[in-house]
Engineer: 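Structure incoming, see below.
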2 protein chains.
Amino acid sequence: MMKPDRRGEILKAALDLFTEQGFHGAPMALIAMQAGVGAGTIYRYFESRDVLIRELYKDLEERIYPYILAGYAETAPFRSRFLHLGTKLLRYFIEYPLCFRYMEQFHNSPYGIAFRRDKMLGKEGHCDVFRELFEQGAAQQVLKDFPLVILFCLAFGPLLAVARDHVLGFVQLDDSMIDRTIEACWDAVKR
Amino acid sequence: MMKPDRRGEILKAALDLFTEQGFHGAPMALIAMQAGVGAGTIYRYFESRDVLIRELYKDLEERIYPYILAGYAETAPFRSRFLHLGTKLLRYFIEYPLCFRYMEQFHNSPYGIAFRRDKMLGKEGHCDVFRELFEQGAAQQVLKDFPLVILFCLAFGPLLAVARDHVLGFVQLDDSMIDRTIEACWDAVKR
DNA sequence: ATTAACGGAATGAACGTTCATTCTTTTACT
DNA sequence: AGTAAAAGAATGAACGTTCATTCCGTTAAT
């Protein structure tokens, strides 16, 4: 008989509710209820509501890397590495829509903006794979002559927009359309 | 002595505060204070907080069209019409960062999602210029073979991402970079 | 083996604060 | 004087957080 993973239950409930109802519409009491714990219990695992919101983000972000890096060949040509990462990322978002929606909501909130600012100014931390890839591409002159930030926008802007529309039910993406979408992202950044 | 435009003052204060503090951090009392009116007065002009939020959005959206349509030549070749609208739009967001940030926040909130769903399913309403343009482009086979929704994502995804990073201070866009960014958007959608 | 004591995890009612909205009073205009 | 607009104090609902108490598994003693 496994001991119940209360922290995990709380995170799961928070993901469901924050995603479905927004940060507004998900009071702690409701999260506790959905997680099957008492309201006070949450505070044994998370210092405050804000901390819960941020921890949930980190938790979700960490799961992405193993997924997109599976089968990633450091030595492959630049274009196919780009396509690999882009496709995997889009697939991941489609496969885990709750994750995608939560991260989007987070990014477009004061939490996310502060978070992003820290990341830009502080040490690079996680985005290493992408940063490395793009820096190489810029050096080899396969990419357009833009600052790195803009290249990220050109590549991920459309990707995220497409993921959003899929997740909201405005389009239904099949395998071929995923591939062609990422190729269009490539067209945007390639020289 | 001009009679004070209270509705306008309220909208302006709401724009400032919602943008700077988020929907969370801007209580009605503060908006009233910044607008220089009593708290109750707001309710003479807007039925509720939610209505105020939505009206402000509509108000901002309406101002965009005159700006981007100035000098728009219906008869020009497709590519240059695309570049015209894209450039103007990006310029507008850069010139009115509060407007941009508010609209972004709105879009990524329950309000905006409901709003967008209505727009997609109901009558087209405003987006006519863009929709018309893209439908023509699709018909003439200058655009990639994607559903309209995806084409929108490919074109506006990067544009909005770049605007966001500029507005947050992560890049400084000059005229030439604006133009080149829109050309990159074009690369993403062109066949 | 049984029971008693202990410690930390969990609980959820209660608290204090915040905030949208309402209501009564005051002001300004005709 | 009479009416419409404005003000801002009052209201009550909602919410995050706290804390005194309960529960339960483990250890220690008999």
Side-chain angles (χ1 to χ4, degrees), chain A residues 1-59 102 105-106 108-115, chain B residues 1-59 102 105-106 108-115:
Chain A
M1 168 76 197
M2 261 236 355
K3 164 164 78 153
D5 169 22
R6 291 215 154 79
R7 199 188 124 97
E9 293 298 323
I10 292 166
L11 283 174
K12 205 155 103 49
L15 176 60
D16 280 6
L17 287 169
F18 283 143
T19 303
E20 227 59 63
Q21 325 268 350
F23 289 135
H24 291 336
M28 295 300 261
L30 201 64
I31 296 171
M33 202 184 161
Q34 173 132 350
V37 305
T41 304
I42 296 180
Y43 291 85
R44 296 201 60 77
Y45 295 93
F46 304 96
E47 197 183 317
S48 69
R49 181 183 169 83
D50 281 14
V51 168
L52 169 61
I53 287 172
R54 278 192 292 265
E55 291 278 304
L56 177 54
Y57 178 84
K58 282 191 221 156
D59 192 81
Y102 183 81
Q105 187 181 171
F106 183 85
N108 292 285
S109 73
Y111 305 106
I113 291 177
F115 183 86
Chain B
M1 166 80 195
M2 256 223 22
K3 167 163 80 157
D5 168 23
R6 292 213 154 81
R7 198 188 124 99
E9 292 299 321
I10 293 167
L11 283 174
K12 204 155 104 48
L15 175 60
D16 280 6
L17 287 169
F18 283 142
T19 302
E20 227 60 62
Q21 327 269 349
F23 289 136
H24 292 338
M28 296 299 264
L30 201 65
I31 296 172
M33 201 183 162
Q34 172 132 349
V37 304
T41 305
I42 296 180
Y43 290 85
R44 296 201 58 76
Y45 295 94
F46 304 96
E47 197 183 318
S48 70
R49 181 183 169 84
D50 279 16
V51 167
L52 168 62
I53 287 173
R54 278 192 292 267
E55 291 278 306
L56 176 55
Y57 178 84
K58 282 192 221 155
D59 192 79
Y102 183 82
Q105 187 182 171
F106 183 86
N108 292 286
S109 74
Y111 305 107
I113 293 179
F115 183 86

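Naming: A, B, ... by sequence-line order, numbering from 1 per chain. Only heavy atoms go into these numbers, but all of them, side chains included; no hydrogens, no water, no symmetry mates.
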Engineer: Please state how far atom CD1 in I31(A) lies from atom C1' in dG12(C), giving the value in whole angstrom units.
Structural biologist: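 In whole Å, dG12(C) C1' lies 16 Å from I31(A) CD1.
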
Engineer: Hey, does Y102(B) have a side-chain heavy atom less than 4.5 Å from the side chain of D59(B)?
Structural biologist: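 SC-SC contact between D59(B) and Y102(B) ruled out.
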
Engineer: Could you tell me the separation between the CZ atom of R6(A) and the C1' atom of dA9(C), rounded to a whole number of Å?
Structural biologist: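 To the nearest whole Å, that distance equals 8 Å.
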
Engineer: Tell me: CG of L52(A) to P of dG16(D), nearest whole Å?
Structural biologist: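 Between P of dG16(D) and CG of L52(A): 11 Å.
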
Engineer: Look at E47(A) together with R54(A) and state whether they make a salt bridge at an N to O cut-off of under 4.0 Å.
Structural biologist: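 Between R54(A) and E47(A) there is no salt bridge, as every charged N stays at least 4.0 Å from the carboxylate O atoms.
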
Engineer: Just how far, in rounded Å, is P of dT18(C) from CZ of R49(A)?
Structural biologist: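 In whole Å, dT18(C) P and R49(A) CZ are 16 Å from each other.
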
Engineer: If only side-chain N and O atoms of Y43(A) are considered, is one of them under 4.0 Å from the OP1 or OP2 phosphate oxygen of dT11(C)?
Structural biologist: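 For dT11(C), OP1/OP2 do not have a side-chain N/O of Y43(A) under 4.0 Å.
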
Engineer: Separation of L30(B) atom CG from dT18(C) atom P, in whole Å?
Structural biologist: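 Taking atom P of dT18(C) as the reference, CG of L30(B) is at 13 Å.
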
Engineer: Checking contacts here: which listed nucleotide (dA7(D), dT21(C), dA6(D)) is nearest the side-chain heavy atoms of V37(B)?
Structural biologist: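 My answer, after comparing the listed nucleotides, is dA7(D).
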
Engineer: Among dT11(C), dA20(C), dG16(D), which nucleotide has an atom closest to any side-chain atom of T41(A)?
Structural biologist: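 Minimum distance to the T41(A) side chain belongs to dT11(C).
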
Engineer: Quickly work out the F23(B) CZ to dA20(C) P distance and round it to whole Å.
Structural biologist: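 Between P of dA20(C) and CZ of F23(B): 12 Å.
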
Engineer: Contact class for R44(A) vs. all strands (heavy atom < 4.0 Å): base, sugar-phosphate, or nothing?
Structural biologist: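 R44(A): base contact, heavy atoms under 4.0 Å.
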
Engineer: When you check the gap from the basic side-chain N to the acidic O, do E55(B) and K58(B) get nearer than 4.0 Å?
Structural biologist: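 Counted as a salt bridge, because a side-chain N and a carboxylate O are separated by less than 4.0 Å.
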
Engineer: Is any side-chain heavy atom of L11(A) closer than 4.5 Å to one of F46(A)?
Structural biologist: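 Side-chain contact under 4.5 Å: yes.
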
Engineer: Compute the ring centroids of F106(A) and F115(A), then answer whether they are less than 6.0 Å apart.
Structural biologist: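 So the answer is yes for these two rings.
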
Engineer: Would you kindly give the CE-to-P distance between M28(B) and dA10(D), to the nearest whole Å?
Structural biologist: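 It works out to 20 Å between those atoms.
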
Engineer: So what does F46(A) touch, heavy atoms closer than 4.0 Å: a base, only the sugar-phosphate, or nothing?
Structural biologist: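 Result for F46(A) = nothing.
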
Engineer: Could you check which of dA10(C), dA7(D), dA13(C) has an atom nearest any side-chain atom of A39(A)?
Structural biologist: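 Among dA10(C), dA7(D), dA13(C), the one nearest the side chain of A39(A) is dA13(C).
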
Engineer: Send over the distance from Y45(A) OH to dA9(C) P, rounded to a whole Å.
Structural biologist: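 So the two atoms are 8 Å apart, to the nearest Å.
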
